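The structure appears below as structure tokens.
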Amino acid sequence: MKKDCSMEEVMQRLQAPFPSKDIEWRVSRSGQSNGKKYAFVLAYVTNRAIQNRLDEVFGPAGWQNDFSDFMQGVLCTISCYVDGEWIKKSDGAEQTQFESLKGGLSSAMKRAAVQWGIGRYLYRLEENYVQVFDNKRDGSNYINDKKTNVKGYWVPPKLPDWALPADEKGNCRNASQENQKKPEKQNQRENSQSKQSNKDDSVQKNTGKQSFDRPRCLKVIGEYLETTGLKEQPRFIIPLFKKVTQNSTCKSLQNIFDKATEEELRAFYGVLRPVNDLVLITNNFNVALSDSLRYVQILLPNVKIESLFSCFINLTKDHVKEVATFIKEDLQSGNLTKIA
């Protein structure tokens, strides 16, 4: 470690995101729904990348690791030479069923590294849904879960920009090149979605504390109520509004439009939009709503998705993006058909 580096600088270097090549994805659970196989995967930094990071920050002679048995598992202690003294941080892991000793050592070191902040940002990532295919694809991994009878290949998801180093941020495929490969009608659909999203984003900005366009916000909320079908089921509107805002005074939609505060309208807007977008995506791809809801059920296994109304509060904009991806992939592979 450089002598002129402060502890804050050391921690920043340790906690910096790793290149995508240093991240491995592992299956946390798998299952099947309506004949479709899927898995949920988590991201981990490789053990070799951890060692390289420690070498870069402290130098090869500036750190060491020790392993010991602990509670039928393995305890790893990583010691680093900081400001003239050795500082130790430890964590442990159970031995794995496959290559139990090697797997236990590796897992224990990764957990000990997290105590130093290495790879800790990956804990912010939720489980990622991946579809399991029968045939091998470029860059795919193999799964054979005998408990769920899920066998096949899955493609690791991409990391978000915030989980990548600066030189990898935004390194997705060129959008214009992708559009050239897509049929004209699909481009028109997606452009239409983009315009709708931009319009909604402008409304969301207008609902900010510094600038709030109430008439515009109310207009969009009215559109969302119509798109989602809530306008035809007014008995659901007030309970939903009260649940979102903890407001017990509004007794009708007109009361909401007349008396709801800015914060309450912003909260109500935020709950309506994901479901509104789900309906728009379903219509744009010309697939059955039941298919979209099936994807939502996979993404929300702990919530019983019986209808569109089950999605309120539970659905997020990130879920909607994933549903759109599932629909695209299944239409391309022939696993999903458009409605007549």
Side-chain angles (χ1 to χ4, degrees), residues 17-53 73-74 76 93-111 113-114 118-119 121-160 163-165 168 171-173 178 181 291 294-302 318-319 321-336:
F18 286 88
S20 54
K21 64 180 180 63
D22 291 332
I23 303 299
E24 58 184 4
W25 293 86
R26 297 181 186 174
V27 174
S28 58
R29 55 194 174 100
S30 64
Q32 300 188 51
S33 176
N34 295 331
K36 294 180 67 67
K37 297 178 291 185
Y38 64 89
F40 284 90
V41 297
L42 291 169
Y44 296 87
V45 61
T46 65
N47 211 31
R48 181 169 296 179
I50 293 173
Q51 296 170 9
N52 291 337
R53 175 63 58 83
V74 179
C76 176
E94 296 179 353
Q95 294 184 354
T96 60
Q97 294 180 351
F98 178 73
E99 292 186 326
S100 59
L101 179 58
K102 181 179 178 181
L105 294 175
S106 178
S107 296
M109 183 164 179
K110 290 177 182 179
R111 293 187 178 184
V114 171
I118 301 175
Y121 67 96
L122 294 174
Y123 283 88
R124 291 171 54 193
L125 290 172
E126 297 180 354
E127 287 183 315
N128 275 252
Y129 168 93
V130 293
Q131 189 171 343
V132 178
F133 304 95
D134 292 330
N135 299 322
K136 188 175 182 179
R137 301 189 176 190
D138 291 340
S140 62
N141 295 330
Y142 183 69
I143 177 177
N144 185 7
D145 192 336
K146 295 181 180 179
K147 292 183 179 179
T148 58
N149 198 30
V150 172
K151 182 178 180 181
Y153 299 88
W154 56 275
V155 178
K158 293 182 180 180
L159 290 167
L164 291 170
E168 285 193 44
N171 278 354
C172 57
R173 290 174 291 184
E178 287 298 305
K181 299 177 183 179
D291 288 320
R294 175 165 53 85
Y295 294 125
V296 173
Q297 181 65 83
I298 293 173
L299 294 172
L300 299 171
N302 296 325
D318 290 333
H319 291 141
K321 290 179 181 179
E322 292 191 71
V323 170
T325 300
F326 301 157
I327 293 175
K328 286 182 183 180
E329 291 180 349
D330 282 358
L331 285 175
Q332 292 172 357
S333 64
N335 292 325
L336 182 65

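Note that the structure is a prediction, hence the values are computed from the model and not measured.
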Heavy-atom closest pair, residues [X] and [Y]:
| X | Y | result |
| --- | --- | --- |
| V27 | A39 | CG1-CB, 4.1 Å |
| L336 | R294 | CD1-NH2, 4.1 Å |
| I298 | Y129 | CG2-CE1, 2.7 Å |
| Y153 | K136 | CD1-N, 3.5 Å |

Side chains of [X] and [Y], heavy atoms from C-beta outward: is any pair under 4.5 Å?
| X | Y | value |
| --- | --- | --- |
| I327 | D291 | no |
| E168 | P17 | no |
| T46 | I23 | no |
| F133 | Q131 | yes |
| V41 | P156 | no |
| V150 | Y38 | no |

Rounded distance [0.5 Å steps], [atom1] in [X] versus [atom2] in [Y]:
| X | Y | atom1 | atom2 | answer |
| --- | --- | --- | --- | --- |
| L42 | W25 | CG | CH2 | 8.0 Å |
| M109 | I50 | CE | CD1 | 6.0 Å |
| D22 | N47 | CG | CG | 11.5 Å |

Looking at D134 and K37, is any side-chain nitrogen of the basic one under 4.0 Å from a carboxylate oxygen of the acidic one? yes
Notebook entry, point to check: In terms of side-chain geometry, is the basic nitrogen of D330 or K36 positioned less than 4.0 Å from the acidic oxygen of its partner?
Noted result: yes
TODO: Over 60° means perpendicular and under 30° means parallel, so classify the ring planes of Y295 and F326, tilted if in between.
DONE: tilted
Starting from the C-alpha separation in whole Å, work towards a yes-or-no answer on side-chain contact (heavy atoms from CB on, under 4.5 Å) for S30 and I143.
CA-CA 9 Å; S30 64; I143 177 177; 3.9 Å; yes
Run the side-chain contact (heavy atoms from CB on, under 4.5 Å) test on C76 and L105 for me, step by step, so that the C-alpha distance in whole Å, both residues' side-chain angles and the decisive distance to 0.1 Å come before the verdict. CA-CA 7 Å; C76 176; L105 294 175; over 6 Å; no
Checking the side chain of N149 only, and the main-chain atoms of K147 only, is there a donor and an acceptor separated by less than 3.5 Å? no
Has the side chain of Y121 got a donor or acceptor atom that lies under 3.5 Å from a matching backbone atom of F18?
yes
Exercise. Heavy-atom count around N144 CG within 6.0 Å, excluding the residue itself: above 12?
Worked result: yes
Open item on the list: Please determine whether side-chain contact (heavy atoms from CB on, under 4.5 Å) holds for the pair L159 and L125, giving the CA-CA distance in whole Å, both sets of side-chain angles, and the decisive distance to 0.1 Å.
Closed with: CA-CA 9 Å; L159 290 167; L125 290 172; 3.6 Å; yes
Across all chains, not counting sequence neighbours, the side chain to side chain contact (heavy atoms under 4.5 Å, CB included) partners of T325 are E329
| field | Candidate pair R137 and W154, rule side-chain contact (heavy atoms from CB on, under 4.5 Å), full reasoning | value | CA-CA 8 Å; R137 301 189 176 190; W154 56 275; over 6 Å; no
